[in-house]
Amino acid sequence: MGVYRRMVSGGLALVAAVSLSACSGSDKTVVIQAASRTEILNPLDLQQFGTPLPMIPVAAPDTVSQPGSDFYTVVAEQTANYDFGLRRKDGSEIVNPATGAPIRTTVWGYRTNGVKAGYLGATVEARSTLPGETGRPVMVKYINDLRDSAGNLLTRHLLTVDPTLHGADMGAPEIRIVTHLHGGHVVPESDGHPEAWITNDPNAKTGLPADPVSGRPARPDGNTVTYTYENTQKAEQLWYHDHAMGITRLNVYAGLAANYLVRDSVEDALNLPRGNYEMPLVIQDKSFNQDGSLHYEATPLINAGSGNQQTDASGKPVLTSKPEFFGNVITVNGKAWPYLDVEPRKYRFRMLNGSDSRFYNIWLEARDAGGAAVAIPAGTITQIGNDGGLLPASVAIGDSAGNALLLSLAERADVIVDFSKLPAGTSITMRNNAPTPFPGGDPVAAATTGRIMQFRISKPLNGADTSAVPANPRPVTPLGVASNVRYVDLQETMESGVLVYDPNTGTTLQRLKILLNGLTFDAPITEKPRLNVVEEWVIINNTVDMHPMHLHLVDFEVVEKGSIAPGAYTPANGLGGMPVVAAGGLRRNAEPGLNPVADSASADSPYRVQPHEMGEKDTVRVPPANDLIGSQGYVRIRAKFDKLGTYMWHCHILSHEDHEMMRPFTVVP
């Protein structure tokens, strides 16, 4: 994505003059005014591994209110004094320079059936309702109750809203939410369509009838909506998070995300670690201002024709979020670089990458009490599941940087770590070395974002560990031969007429446009799979970044990955014409090259389907293109679309999604 994504906005108020002669055709000088911001906290000054890992609570269902269903009331609300565990290296408090009080953060989160986590939300646990299972549907009443500490309805977001992005550009209220159950097998009316949002005003008259052309379900008046989740799916880790058009990245960054676990009898029979020995790990990167408030970068927009800074309806300068965001502090379950004291036994970790744009390439690094390196024995770390549930075969991962677990945005990993294989007193650091953006971006900062959390084998064993690590957790039932093959692509272009100002360099650049099939979100729908028909989608990546692509409604098989021979690909034309690949142009298991040879890629290449991508998934990493030689990456997935209606497919880099790298698809009779 070029120079634009490399910019780092300053934290101070800015007034600058910049010449626009290069972009406007005549010499012009314009004064740029950026919003006033405090300095950003330096992550090198912060303590690591000094705060205990929070245990995310599980909310109990209401089994009475809705006969035949488990009922939950999920309230989005603001918390003014949340503690992310930001401390100096000596463990002392950092004070707000304006007030002298210890720094705390205003955040958003979910209160689920009365269980308040402050930041993020409590876990919902459900049982599968597939034949032979004993589960019940889940009904959720979502309430937008975002208010300040005095009880007043919020009217402005915690973070800067860019009114030029689709969904935020039509006078929509800044305080709006709509919740998507990521990985849920649900009807479209309960899927969380990004334009079917609710505001926080119980008296709001913002409702709209369903739109049969776009497929948007009815948008309700007021501040509540009720969804039904049928749970007609196998055991897997889902998560529910905000999906409001144009502000998804901001709402999730503020804290609107939580886990949703589906259980079934197959999982029960595996004798996996459970109870206190099973825990979610929600990994996110953040940046903080010196007063403890959340920092999310934004930079001024300039009209390329006039040379004037863009302003909103009230005359204030428009600031845009970049199409990627990378924080400098790693949090897990809402704490900065936490630690977990563990027993010498097996633990099951349900890992989720809940960040905006950051990939994690994860492994464990161990040291004894004296600081000497300790080798991680073989078999210490085993992945038994991914975002589609239990794997057909377990995978040994994470015992070294050369055998790391790559976790892209929204992907989940179900991992068992056997701490009994290491000596008591060992400290184990979860490490990360994924570049930003991935895979060709800047190296990770080894001392900060290269570390995630720490485990300490410091507790005595509380009873015998009888849990197991299954070799073959769940057999696969293949979908069979596809009746249709569909080609789609990922494109990056430049937005005409809009320039982005970089306060650090005093330069302006065109704003990127990141699209699917070259189409904006509201262009006519081009993907119309037929009900109960198995399709293959060949997703072509014509960009230099890896994109985690998510399809709503379905779990899919990852059939193959590879690259396309130079000259064999014609991109979608942005007018509804789909991409075309010449016969023989797809090179399975091949790196991009002038003459890519099928099956030539190394075993761990991103251009091969990896063992932890077997089974089923709902999010898939599409390998990048080599734009110097015009050779694209691709992935082929296979899915059965079994519910009528309109759903989304999009990149799960949240900034990309908000910059319109999202499109609807409609399942038709």
Side-chain angles (χ1 to χ4, degrees), residues 5-8 11 39-51 53 84-91 94 281-288 295 297 324-340 349 351-376 380-381 397-409 411 413 415 417 422 426-456 504 545-546 604 606 621 653:
R5 77 176 165 208
R6 307 284 190 243
M7 295 191 307
V8 180
E39 290 278 5
I40 299 173
L41 281 177
N42 185 347
L44 291 171
D45 295 337
L46 300 179
Q47 181 187 52
Q48 296 180 7
F49 317 134
T51 303
L53 176 77
F84 274 98
L86 304 172
R87 303 289 187 271
R88 293 191 180 91
K89 286 190 171 181
D90 62 5
I94 306 170
L281 300 178
V282 181
I283 307 171
Q284 298 171 301
D285 57 342
K286 304 286 182 190
S287 289
F288 298 90
H295 177 82
E297 292 169 5
E324 283 162 352
F325 169 82
F326 301 105
N328 56 26
V329 173
I330 303 299
T331 68
V332 184
N333 295 358
K335 296 295 180 183
W337 292 297
Y339 72 88
L340 177 67
F349 297 109
M351 299 169 64
L352 161 67
N353 182 351
S355 299
D356 183 296
S357 307
R358 184 180 294 278
F359 283 59
Y360 297 93
N361 199 47
I362 298 171
W363 79 97
L364 299 185
E365 183 179 72
R367 296 191 179 276
D368 64 19
V374 176
I376 303 286
T380 300
I381 318 157
I397 48 94
D399 54 5
S400 68
N403 186 34
L405 167 66
L406 182 60
L407 204 60
S408 72
L409 289 308
E411 283 191 304
V415 173
V417 181
L422 289 157
T426 303
S427 294
I428 303 132
T429 302
M430 185 185 292
R431 297 296 309 272
N432 163 49
N433 66 357
T436 56
F438 192 85
D442 298 326
V444 72
T448 55
T449 51
R451 299 171 179 173
I452 298 173
M453 65 171 294
Q454 190 172 86
F455 305 100
R456 299 170 181 171
N504 292 311
D545 292 336
M546 185 178 285
D604 60 351
R621 303 187 297 268
I653 295 174

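Count residues from 1 along the sequence. The figures here come from the full heavy-atom set of this structure, side chains too, leaving out hydrogens, waters and symmetry mates.
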Between K89 and L44, is there a donor-acceptor pair closer than 3.5 Å when you use the side chain of the first and the backbone of the second?
yes
Specify whether F359 and F438 have parallel, tilted or perpendicular ring planes, treating 30° as the upper limit for parallel and 60° as the lower limit for perpendicular.
parallel
Does any part of the side chain of P437, heavy atoms only, come nearer than 4.5 Å to the side chain of F326, both counted from C-beta?
yes
Side chain to side chain contact (heavy atoms under 4.5 Å, CB included) between W337 and V329: does it pass, once the steps are laid out?
CA-CA 8 Å; W337 292 297; V329 173; 3.9 Å; yes
Under a 3.5 Å distance rule, please check whether S287 uses its side chain to pair with a backbone N or O of H295 as donor and acceptor.
no
Mind listing the closest non-hydrogen atom pair of P338 and K335 along with its distance?
CD-O, 3.4 Å
Main-chain N/O of V374 paired with D368 side-chain donor or acceptor, under 3.5 Å
no
For a quick test of reading the model, state the closest non-hydrogen atom pair linking T448 to P43 and the distance between them.
CG2-CB, 3.8 Å
Using atom types as modelled and distance alone, determine if a side-chain donor or acceptor of E365 lies under 3.5 Å from a backbone N or O of T429.
no
Give, for atom CE of M430 and atom CZ of F455, the distance between the pair rounded to the nearest 0.5 Å.
4.0 Å
Is there a side-chain contact between I452 and L281 (heavy atoms, below 4.5 Å)?
no
Any idea which heavy atoms bring Y339 and F49 closest together, and the distance?
CD2-O, 3.4 Å
Mind checking side chain to side chain contact (heavy atoms under 4.5 Å, CB included) for S427 and listing every partner two or more places apart, or none if nothing turns up?
Q454, R456
Quick check for you: to the nearest 0.5 Å, what is the distance between W363 atom CH2 and N432 atom CG?
7.0 Å
Begin from the C-alpha positions of I94 and D45 and carry the test side chain to side chain contact (heavy atoms under 4.5 Å, CB included) through to its verdict.
CA-CA 10 Å; I94 306 170; D45 295 337; over 6 Å; no
How long is the span from the CZ atom in F288 to the CG atom in L86, to the nearest 0.5 Å?
4.5 Å
Do the side chain of Q48 and the main chain of A447 share a donor and acceptor less than 3.5 angstrom apart?
yes
Minimal non-hydrogen separation, G450 against V444, with atom names
N-CG2, 3.6 Å
Would you check if the side chain of T436 reaches a backbone N or O of G441 as a donor-acceptor pair within less than 3.5 Å?
no
One pair to check against side chain to side chain contact (heavy atoms under 4.5 Å, CB included): D545 and I653. What are the steps and the verdict?
CA-CA 11 Å; D545 292 336; I653 295 174; 5.8 Å; no
Distance from L409 atom CG to R358 atom CZ, nearest 0.5 Å?
10.5 Å
In short, M453 meets L53 closest at the heavy-atom pair CE-CD2, 4.1 Å
From R87 CZ over to T51 OG1, what is the distance, rounded to the nearest 0.5 angstrom?
6.0 Å
Are any side-chain N or O atoms of N353 and backbone N or O atoms of E411, one a donor and one an acceptor, separated by less than 3.5 Å?
no
Point-to-point distance, once rounded to the nearest 0.5 Å, from CD1 of I376 to OG of S400
9.5 Å
Test side chain to side chain contact (heavy atoms under 4.5 Å, CB included) on I381 and N403 and set out the steps.
CA-CA 11 Å; I381 318 157; N403 186 34; over 6 Å; no
Do the side chains of M546 and S408 get nearer than 4.5 Å, heavy atoms only?
no
On a heavy-atom basis, which atom in P435 and which in P439 lie closest, and how many Å separate them?
CG-O, 3.5 Å
Are side-chain heavy atoms of I428 and L364 found at a separation under 4.5 Å?
yes
Under 3.5 Å donor-acceptor, N361 side chain and A434 backbone:
no
Minimum side-chain heavy-atom gap I330-R451 below 4.5 Å:
no
